[in-house]
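Heads up, the thing below is written out as structure tokens.
Here, residue 1 is the first one in the sequence, and each next residue gets the next number.
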Amino acid sequence: MARQSTQLNKGWTFRQHQGPSPEWLPVEHVPTQVHKDLLANKKIPDPFVDLNERAVQWIGYKDWEYQVTFTPEAAHAQDAATDLVFSGLDTFATVYLNEAKILEAENMFVSYRVNVTDRIKAGSENTLRIVFRSAIVRGEELIKEHPEHNFLVRQTERSRVPVRKAQYNWGWDWGPILMAAGPWKPVTLETYVARIDDVWAQSHVSEDLETVIGSVFARVSGKPNQDDQVSLTLSLDDKTVFQQTVDVCSVKDGLIKVPFKLEKPKLWYPRGYGSQPRYQLVAKFHREASDAGELDKLSKLIGFRRTELVQEADAHGKSFYFRINNVDVFAGGSCWIPADSFLAGVPPERYRAWAKLIADGNQVMLRVWGGGVYEEDALIEACDELGILVFHDFQFACASYPAYPSYLKTLEEEARQQIRRLRTHPSVIIWAGNNEDYQVQERYQLDYDFANKEPESWLKSSFPARYIYEHFLPKLVEEEDPGKIYHPSSPWGDGKPTADPTVGDIHQWNIWHGTMNKYQEAANMGGRFISEFGMEAYPHLSTTRRMATDPAQLYPGSMVLDAHNKAIGHERRMMSYVVDNFRPRHDLGGYAHLTQVVQSETMRAAYKAWRRQWGSPRARRCGGALVWQLNDCWPTVSWAVVDYHLVKKPAYYAIARALRRVDVGVCRTVHDWTQTGSWVDENSGLVTGQVDHTLAARKGTFDVWVVSSDTKPIQVNLVVRFISVRTGRDVVEPITSSSITAAANSTTEILQDKTLPPSIPDPEDLTKPFSLPDYDPYVVHATIADAATGVVIATDTAWPEPIKYLDLSDRGMAFEVSSAGDEVVVSAEKPVKGFVFEEVEGLRLSDNGFDVVPGEKQVVKVGGSLKAGELLWTCVGADGASLKIELSSSSPSSSLARG
């Protein structure tokens with residue numbers, strides 16, 4: 001008989017275990033988690049709204065039980081086996097079948113298979129019951145059971161540390177404390193005679209990319225007969241490129257291994273560097289000598305690529321960048337947290353929508369953070385399809401984890417299962433041992449001697465997790481997925497301090513956290529690979545309003561909105577960055593907009609600067625930058641560049657522009673031209689010190705560069721304009737350069753240390769009093785166009801800073817809206833900073849959060865839940881936070897509006 005699988009997804013009930021009421025409540029669907037079921041039964045308020053998170057804390061301290069009654073059919077074969085498969089139980093679960101205990105589970109990340117052939121009653125009712133113990137309570141018990149360990153943490157509280165469960169359930173500085181429990185992945189009843197447990201390939205792509213050699217593997221279980229066979233097939237576009245059949249009786253321990261070789265393979269490339277072909281790998285289990293036919297079948301899509309992490313000594317220390325199929329790849333992208341506080345309710349389509357956002361934003365890498373879960377197949381498969389590289393942490397974050405024997409035993413099962421599940425995905429190119437656990441070691445000065453290379457001695461130190469990250473996990477990766485890149489931690493620098501910018505990857509948190517450097521200083525704050533950095537911002541009003549049911553709470557810093565921002569010190573930090581740069585506004589819309597512009601400007605400064613440092617072959621100063629973070633797990637104010645409802649903040653578009661295949665960058669540098677004792681603000685050029693009551697001036701310079709990911713040189717034309725903020729006119733003639741060669745996959749410096757025109761008369765005459773009315777600030781605006789076609793490729797604008805010193809009123813905004821409502825053209829008479837359309841769930845814009853300069857038009861495609869004429873907008877200096885596009889009837893095909 002063929003394998004038969006039945007999901008037990010309906011008919012479940014649940015209740016508090018040994019609670020005050022014995023009432024069983026209905027469960028709509030399994031997979032599920034207890035908060036979802038309590039909410040569906042109207043036993044709790046929505047934890048995502050108001051202060052309700054606090055009202056549901058009691059749930060995490062209680063035990064819960066789930067129950068279902070089912071009637072299985074009798075097996076059609078006498079030698080058939082029946083298993084119950086629990087793909088994920090969250091977390092400490094005792095499972096009973098007909099009141100006989102069949103399983104004690106203790107790891108959310110492990111799938112459990114239990115043979116119940118002798119216990120199940122075919123053709124009759126069976127009762128399956130699962131009791132889930134409180135992870136908080138059990139965590140504290142484990143701490144008491146292991147006094148030899150310190151269980152130190154840098155986020156939340158210690159009961160999470162000994163528990164193999166998603167650590168963010170204890171809360172984080174972007175997420176709520178919502179201690180989920182329940183059957184969070186499918187529960188399946190399987191009947192079979194023999195089955196295929198797994199099929200995979202291990203391969204090596206030759207240096208010239210002309211050949212793939214390796215082995216195809218399959219693992220079989222059950223009761224095979226002497227005449228059973230397994231056929232293995234590789235095909236591409238329905239064309240078979242490899243096939244072999246193996247007699248099962250000839251294999252040992254159920255493991256089939258068959259060598260293969262492909263000539264001129266179709267290789268999988270990251271997005272923008274080539275296509276993403278995937279071969280179909282199929283294993284079929286046959287029993288030809290009876291009527292059983294095909295007993296089982298397992299199919300996977302796999303890809304072949306040559307992958308290297310290049311770490312070589314150079315002028316800046318030791319490089320850290322990825323080379324895929326012999327092409328160096330700047331890994332611009334994002335960090336990823338779990339998609340929801342309750343993952344059982346996330347459909348595959350939502351994961352694909354997230355992956356599509358990554359790809360549409362010109363991002364090429366996603367880092368799966370180590371305090372959540374090993375990510376869903378739906379997300380990873382979408383990354384395979386769309387060419388997004390995956391940097392995946394093992395699930396450890398911001399703590400000193402134990403390494404006692406029982407912990408290592410369940411961890412081994414967890415790691416092997418997850419490596420096996422993800423090893424066939426071409427997008428997954430690197431495993432990291434943890435997130436920031438070496439920073440915990442640094443903070444608490446735990447016992448760590450990099451020169452000590454004896455793993456067994458690490459177990460006896462105050463930092464036993466080193467055994468896990470530097471010995472245990474890399475060994476498992478090599479055994480299960482030979483050749484896969486392994487990195488002991490993120491960040492990690494070969495035993496050097498984790499903040500060392502010369503080696504490995506760093507988490508750059510001196511913007512926002514730490515020393516709170518200005519975001520304009522990002523160019524001097526890079527490293528070999530920046531795997532975390534960020535800036536907070538409010539989401540759009542459509543999302544913020546969903547956080548509070550009371551309109552009186554919709555103001556910046558309200559109790560509800562502060563409760564939805566978990567970042568320590570966010571009140572001071574966010575406001576500091578706003579008032580450093582912009583004239584503050586105190587209405588919710590205006591303040592939210594300014595925080596969004598700050599976040600967007602941070603992304604521009606960082607991605608532009610660090611991508612500029614991509615350099616050239618064998619001189620890669622920076623190998624990648626990953627923003628913290630792409631997404632949210634609930635409606636909140638955070639570092640995310642796309643909010644919980646998949647509504648994009650302006651920062652998302654800033655990243656997309658900075659990661660265009662070919663981009664231009666412009667920055668202003670300054671030199672002080674002052675007498676002794678005077679001081680000039682480095683960003684604005686305005687003097688804040690005074691000498692004999694005479695304000696000094698300054699003289700500045702600017703740089704322009706082009707960075708390309710194209711694998712061939714391209715020819716571009718450059719125009720640099722100097723446009724008055726006050727009048728919108730060019731203050732001097734533009735600089736033009738024709739047929740500039742932008743080097744392949746490199747940074748091309750075009751103008752360096754070029755003198756800026758003065759913004760006040762006689763800037764070098766320090767005897768002449770400075771008159772503010774004479775100050776004529778201007779933006780430096782760079783445009784590159786294709787030299788052959790004249791089509792604009794990219795633009796960039798450098799402003800005199802801080803923006804708060806500038807009068808940005810009365811910009812002369814104008815809009816042309818297509819008759820179909822699917823396009824809007826934005827223009828202005830004077831330079832505009834931080835133009836933003838207000839976004840809502842379901843709206844699709846091709847661009848947003850941009851600057852506008854006179855003489856150029858910003859064309860925005862509009863789709864989804866709104867038409868172009870329904871959009872609201874604002875910009876820095878606008879009279880209101882949400883301004884309407886006032887339509888006129890000036891044209892049958894377009895409408896012109898002014899603001």
Checking side-chain polar atoms at under 3.5 Å, does [X] have a donor or acceptor matched by the opposite partner on [Y]?
X	Y	result
Y168	R160	no
E532	W509	yes
H570	D562	yes
D632	H645	no
H593	T874	no
H507	E436	yes

Nearest heavy-atom neighbours spanning [X] and [Y]:
X	Y	answer
I511	A522	CD1-CB, 4.2 Å
K165	M179	CE-SD, 3.3 Å
A567	E536	CB-OE2, 3.1 Å
I530	Q508	CG2-CB, 4.1 Å
V836	G849	CG2-CA, 3.8 Å
N150	S400	OD1-OG, 2.9 Å

When the ring planes of [X] and [Y] are compared, do they come out parallel, tilted or perpendicular, using 30° and 60° as the limits?
X	Y	value
Y438	Y469	tilted
W369	W174	perpendicular
W639	W512	perpendicular

Where at least one partner belongs to residues 544-559, residue pairs that pass salt bridge (charged side-chain N to carboxylate O under 4.0 Å, His left out), sequence neighbours excluded: R546-E841

Geometric cation-pi criterion R350 and Y644, 6.0 Å radius, 45° cone: yes

Test: R612 cationic atom under 6.0 Å from F330 six-membered ring centre, within 45° of axis: no

Test salt bridge (charged side-chain N to carboxylate O under 4.0 Å, His left out) applied to R657 and D847, D851, D663, the passing residue: D847

Beyond-backbone contact of S638 with Q629, side-chain heavy atoms, under 4.5 angstrom: yes

Side-chain heavy-atom pair L806, P777 within 4.5 angstrom cut-off: yes

Would you give the length of the straight line joining atom [atom1] of [X] to atom [atom2] of [Y], rounded to the nearest 0.5 angstrom?
X	Y	atom1	atom2	value
W492	D505	CH2	CG	10.5 Å
I430	F391	CD1	CZ	4.5 Å
L845	K648	CG	NZ	6.5 Å
Q520	T602	CD	OG1	7.5 Å
Q363	I358	CD	CD1	6.5 Å
C633	D340	SG	CG	7.0 Å

Pairing of [X] and [Y] as salt bridge, 4.0 angstrom limit:
X	Y	answer
K833	E601	yes
R367	D393	yes
R154	D437	no
D494	K496	no

From CA spacing to verdict: salt bridge (charged side-chain N to carboxylate O under 4.0 Å, His left out), D703, R668: CA-CA 7 Å; D703 294 350; R668 303 167 75 132; over 6 Å; no

Test log, rule side chain to side chain contact (heavy atoms under 4.5 Å, CB included), inputs L756 and T701: CA-CA 5 Å; L756 284 164; T701 62; 5.5 Å; no

Taking side-chain contact (heavy atoms from CB on, under 4.5 Å) as the test, write out the residues that go with [X], two or more places apart.
X	value
S576	M516
A656	N362
P556	Y538, L588, Y591
T515	N510, N517

Sole candidate of T636, L561, V637, V560 that passes side-chain contact (heavy atoms from CB on, under 4.5 Å) when paired with T544: L561

K804 backbone acceptor or donor facing R583 side chain under 3.5 Å: yes

Under 3.5 Å donor-acceptor, Q599 side chain and P650 backbone: no

Set of salt bridge (charged side-chain N to carboxylate O under 4.0 Å, His left out) partners for E571, sequence neighbours left out: none

Stepwise side chain to side chain contact (heavy atoms under 4.5 Å, CB included) check, M603 with F533: CA-CA 9 Å; M603 296 305 106; F533 76 101; 3.6 Å; yes

Mind checking side-chain hydrogen bond (donor to acceptor under 3.5 Å, both in side chains) for [X] and listing every partner two or more places apart, or none if nothing turns up?
X	value
S159	E157, W170
K566	E53
D643	T543
K830	none

Derivation of the side chain to side chain contact (heavy atoms under 4.5 Å, CB included) call for T498 and E442: CA-CA 9 Å; T498 56; E442 292 170 343; 2.9 Å; yes

Flag if over 12 foreign heavy atoms under 6.0 Å of CD1, I568: no

Evaluation steps, side chain to side chain contact (heavy atoms under 4.5 Å, CB included), between M813 and W873: CA-CA 11 Å; M813 301 292 304; W873 64 274; 3.9 Å; yes

Listed partners of F850 passing ring-ring contact (aromatic ring centres under 6.0 Å, His included), at least two apart: F835

Under the ring-ring contact (aromatic ring centres under 6.0 Å, His included) test, residues paired with Y653 that sit two or more places apart: none

H540 ring center within less than 6.0 Å of F837 ring center: no

